[in-house]
Amino acid sequence: MKSHVLGIDFGSTTAKVVILDEDGNTVASCVSQKGAVSDEGVRAALRGAFEQAGIDLSAVVRVVSTGYGRRMLDIADRTITEITCHARGARALVPEARLVIDIGGQDSKVIALDRSGLVARFAMNDRCAAGTGKFLEVLARAVNVELEDMGAEALKAEDTVAITSMCATFAETEVISLLAEGRPKQVILAGVHQSIASRTVGLVGRVGKHDPIVMTGGVAQNIAAVHFLEKALETRLIIPTGAQIAGALGAALFALDDLRSASKVKRDDDDAVEAKLEQLLADPQRCTPACGKKETPVTFKG
Ligand code: ADP
């Protein structure tokens, strides 16, 4: 029987699991949404992936976890930051990618890759919901549209309205006022997506725009988020199949490296970079009145 490796992305909103066999083939991937950083979410994603692959944990020889809750998983042999895993997964999905825009449930990140696909520079917004999937979730609820439908609804609008509040809580109040003024839902939703796009363009500006750009994370499934971002960046974005599982795929590929015990792309200072990333991500980022403050991009290699 073949050996298998597992990559688990324990995200803030969803849990993602990817299983690779020892030859590097993806034999299963599963996304589960069971509430914020939920154990049950991870268990459901694991169950789904094992069922697809037709194996159980006994066939798994190496587990790498990533994501917001990565340290909560005792089955993981190693944890790796989501920056490193998203970069690796995105590059596996789109080998020519030079910039990764990942918009997840609680944060958004822009990662510039060097020619060999390693993280060169990144900027991240995890201070507040603005520019993240959470912002979309809150405002979908405010206009009473399903999350899955909000993109299509927004694209029906012939016009947009500016949503000026950056904070999700204030934006919700603003949206309610616009509804009370009789503005159509579609127009408001177009404004909501435009707001996400302009926030993301700010992050891209800090890292530098490098084509081709790949978009990962759950928000890549939202056609209006993609549309308005493409418009704001004046560039086509590549949305790979499996955009939401990019981090888990990256984790699984690192697990495969461990299994083969030689990373083809490892550079001398990889461990130092990872240690610095861990330190940066451990720094508590809170929603504060300074949420409009610009984060300085972190550079590893030009
Ligand atoms: P995390 O890794 O932080 O848990 P994800 O990358 O899974 O987050 O992204 C979650 C976000 O993706 C949600 O907040 C939501 O905005 C968006 N999303 C998830 N599924 C869909 C969908 N079917 N259609 C549109 N947006 C979606």
Side-chain angles (χ1 to χ4, degrees), residues 9 11-12 66-68 80-133 135 166 193-220 225-226 228-240 243-244 246-247 250 265 267 269-270 272-283 285 290-302:
D9 179 358
S12 58
T66 188
Y68 196 71
I80 301 181
T81 58
E82 52 267 43
I83 305 290
T84 306
C85 286
H86 270 278
R88 179 83 188 265
R91 185 76 172 201
L93 293 169
V94 183
E96 67 277 20
R98 291 299 302 276
L99 196 76
V100 182
I101 297 178
D102 175 78
I103 310 186
Q106 298 278 15
D107 66 33
S108 49
K109 34 195 175 287
V110 174
I111 310 165
L113 306 176
D114 67 15
R115 283 185 199 289
S116 54
L118 298 169
V119 178
R121 217 163 134 81
F122 83 95
M124 184 166 178
N125 161 40
D126 59 356
R127 274 164 208 270
C128 67
T132 71
F135 188 79
M166 287 305 228
H193 287 88
Q194 215 163 29
S195 159
I196 289 269
S198 67
R199 186 83 183 186
T200 310
V201 168
L203 276 187
V204 172
R206 280 175 239 160
V207 168
K209 193 174 148 213
H210 307 272
D211 285 308
I213 306 177
V214 56
M215 185 168 170
T216 61
V219 174
V226 174
F228 283 103
L229 194 49
E230 285 184 332
K231 230 169 118 177
L233 288 169
E234 298 175 339
T235 300
R236 292 307 298 263
L237 302 178
I238 304 170
I239 316 295
Q244 198 174 11
V265 291
R267 63 186 179 194
D269 58 350
D270 267 354
V273 167
E274 193 52 23
K276 188 166 178 195
L277 284 169
E278 279 288 2
Q279 197 187 347
L280 287 163
L281 297 179
D283 204 11
Q285 305 286 306
C291 68
K293 205 173 122 191
K294 293 190 171 167
E295 302 91 7
T296 317
V298 179
T299 303
F300 296 109
K301 207 175 169 187

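The model shown is predicted, which means the values in this text are computed figures rather than measured ones. If you read the sequence from its start, that first residue is 1, and numbering goes on from there.
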Inset, instruction - Give the intermediate values and the outcome of side chain to side chain contact (heavy atoms under 4.5 Å, CB included) for residues I111 and V207. - result: CA-CA 7 Å; I111 310 165; V207 168; over 6 Å; no

Side-chain donor or acceptor of [X] paired with backbone N/O of [Y] under 3.5 Å:
{"X": "T132", "Y": "G104", "value": "no"}
{"X": "R98", "Y": "L113", "value": "yes"}
{"X": "R91", "Y": "G250", "value": "no"}

Legend entry - With E230 via salt bridge (charged side-chain N to carboxylate O under 4.0 Å, His left out) - residues at least two apart: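 Testing E230 for salt bridge (charged side-chain N to carboxylate O under 4.0 Å, His left out), a comparison that skips the adjacent residues, returns R236.
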
Considering all heavy atoms, the nearest [X]-[Y] contact:
{"X": "T216", "Y": "A246", "value": "CG2-CB, 3.7 Å"}
{"X": "H193", "Y": "A225", "value": "CD2-N, 3.4 Å"}
{"X": "I196", "Y": "T200", "value": "O-OG1, 2.8 Å"}
{"X": "E82", "Y": "Y68", "value": "OE2-N, 4.0 Å"}

Please list, chain by chain and in numerical order, all residues satisfying side-chain hydrogen bond (donor to acceptor under 3.5 Å, both in side chains) with [X], sequence neighbours excluded.
{"X": "D107", "result": "K109"}
{"X": "T84", "result": "T81, E274"}
{"X": "K231", "result": "none"}

Side-chain heavy-atom pair [X], [Y] within 4.5 angstrom cut-off:
{"X": "L233", "Y": "I101", "result": "yes"}
{"X": "V94", "Y": "P212", "result": "no"}
{"X": "I80", "Y": "R88", "result": "no"}

Inset, instruction - Applying side chain to side chain contact (heavy atoms under 4.5 Å, CB included), run through C85 and D9 and close with a yes or a no. - result: CA-CA 9 Å; C85 286; D9 179 358; over 6 Å; no

Inset, instruction - Find the distance between CE (M124) and CZ (R206) and round it off to the nearest 0.5 Å. - result: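 Rounded to the nearest 0.5 Å, the CE-CZ separation comes out at 12.5 Å.
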
Legend entry - CZ on R199 to CD1 on I103, rounded to 0.5 Å: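 Here the rounded value is 11.5 Å.
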
Legend entry - Non-neighbouring partners of Q244 that pass side-chain contact (heavy atoms from CB on, under 4.5 Å), sequence neighbours left out: T14, K16, V31, Q221

Inset, instruction - Under the side-chain contact (heavy atoms from CB on, under 4.5 Å) rule, collect the residues that match up with A220, sequence neighbours excluded. - result: M215, I239, A243

Inset, instruction - List the steps, then state whether side chain to side chain contact (heavy atoms under 4.5 Å, CB included) holds for L229 with V201. - result: CA-CA 8 Å; L229 194 49; V201 168; 4.3 Å; yes

